[in-house]
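Beneath this line is the structure, given in structure tokens, with notes to follow.
Computed from a predicted model, the values in this text were never measured in an experiment. Basis for what follows: all heavy atoms, side chains included, without hydrogens, waters or symmetry-related copies.
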Amino acid sequence: MGLGGRIFLFDDENNLHRVSVKRFTKLYRYKNPESFPEFANQRMQCAFLMIEFENRKPIEIFHAQFTIVKFDEKGYLDADERSREERLSFAASLLHKSDISNPSVIDATQIFSKKRWHNEFRWKPSAEIIEILKKAVFVEKKSKLRLV
């Protein structure tokens, strides 16, 4: 039994593109990042799936995370978008102190940052998308799905 990850990107027409985990992680490097010219100038839905394998065959998807990735004109991760996401994510995770001088005032910065981060950088898959992902994970080797 083993664990592994799969990454899939969806374009505007819900076409599925499987990306190797190794290549995708290089996209997030600050030094010498990977370029995906085939996705230049696109904002794409991304599905990160953690899968349990038995005898090298997938048997269960036990975790899924759905995020949005924006590529710049050369196919690199859009730096401004990445910076904005990191700031929102950080602000959402901070514990803010209440104003001691006025205990009836609540600092909702964390709540609003988390909502904004979730609304701008996360997505909820439809039942159709979930079925597409299941088929992509549990397909035979003869699939037309191309690894990019």
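A continuous path of hydrophobic side-chain contacts links Val19 to Val21 [ILVMFWY only; heavy atoms under 4.5 Å]. Placement of Ile132 and Phe138 within a single hydrophobic cluster is found when ILVMFWY residues are connected by side-chain heavy-atom separations under 4.5 Å, directly or transitively.
No donor-acceptor pair under 3.5 Å is formed between the side chain of Trp117 and the backbone N or O of Leu88.
Partners of Glu34 by side-chain hydrogen bond (donor to acceptor under 3.5 Å, both in side chains), not counting sequence neighbours, listed by chain and number: Arg23. With sequence neighbours excluded, the residues forming a side-chain contact (heavy atoms from CB on, under 4.5 Å) with Asp72 are Lys74, Tyr76, Asp78, listed by chain and number. Considering only residues two or more places apart in sequence or on other chains, Ser83 meets the side-chain contact (heavy atoms from CB on, under 4.5 Å) condition with Arg87. Remark: His63 pairs with Met50, Gln65 by the side-chain contact (heavy atoms from CB on, under 4.5 Å) rule, at least two apart or across chains. Listed by chain and residue number, Asn15, His17 satisfy the side-chain hydrogen bond (donor to acceptor under 3.5 Å, both in side chains) test with Asp11 (two or more places apart in sequence, or in another chain).
For the pairing with Lys70, the side-chain contact (heavy atoms from CB on, under 4.5 Å) check across Arg43, Arg84, Met44 returns one residue only, Arg43.
Contact annotation: the side chain of Phe121 never approaches that of Val69 to less than 4.5 Å [non-hydrogen atoms, C-beta and beyond]. Side-chain atoms of Val137 and Ile51, non-hydrogen and from C-beta on, do get closer than 4.5 Å to each other. At a threshold of 4.5 Å between non-hydrogen side-chain atoms, the residues Pro33 and Leu27 do not count as touching. A heavy-atom distance below 4.5 Å is found between the side chains of Ile7 and Cys46. Side-chain contact between Leu16 and Phe10 is present, with at least one heavy-atom pair separated by less than 4.5 Å.
Note on Lys135 versus Glu131: no salt bridge recorded, every NZ/NE/NH1/NH2 to OD/OE distance being 4.0 Å or above. Taking a cutoff of 4.0 Å between a charged side-chain nitrogen and a carboxylate oxygen, Glu85 and Arg82 do not qualify as a salt bridge.
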*asked:* Walk me through whether Phe66 and Ile129 qualify under side chain to side chain contact (heavy atoms under 4.5 Å, CB included).
replied: CA-CA 11 Å; Phe66 303 98; Ile129 294 291; 5.6 Å; no
*Any chance you could lay out the side chain to side chain contact (heavy atoms under 4.5 Å, CB included) test for Leu9 and Phe39, step after step, and finish with the verdict?*
CA-CA 10 Å; Leu9 295 173; Phe39 303 135; 3.4 Å; yes
*With side chain to side chain contact (heavy atoms under 4.5 Å, CB included) as the test, would you mind laying out the steps for Phe62 and Leu3 before giving the verdict?*
CA-CA 10 Å; Phe62 68 90; Leu3 304 176; 3.4 Å; yes
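Atom OH of Tyr28 has more than 12 heavy atoms from other residues, nucleotides or ligands within 6.0 Å. Residue Phe53 places its CZ atom among more than 12 non-hydrogen atoms of other residues, nucleotides or ligands, all under 6.0 Å distant.
One finds the CD atom of Glu120 at 11.5 Å from the OG1 atom of Thr67 (value rounded to the nearest 0.5 Å). Remark: Gln45 CD to Trp123 CH2 distance equals 4.5 Å, nearest 0.5 Å.
Under the side-chain hydrogen bond (donor to acceptor under 3.5 Å, both in side chains) criterion, no residue pair touches residues 46-55, with sequence neighbours excluded.
Across Gly75 and Ala40, no two heavy atoms sit closer than the pair N-CB, 3.8 Å.
Here the two rings, on Phe48 and Phe24, have centers that are under 6.0 Å apart.
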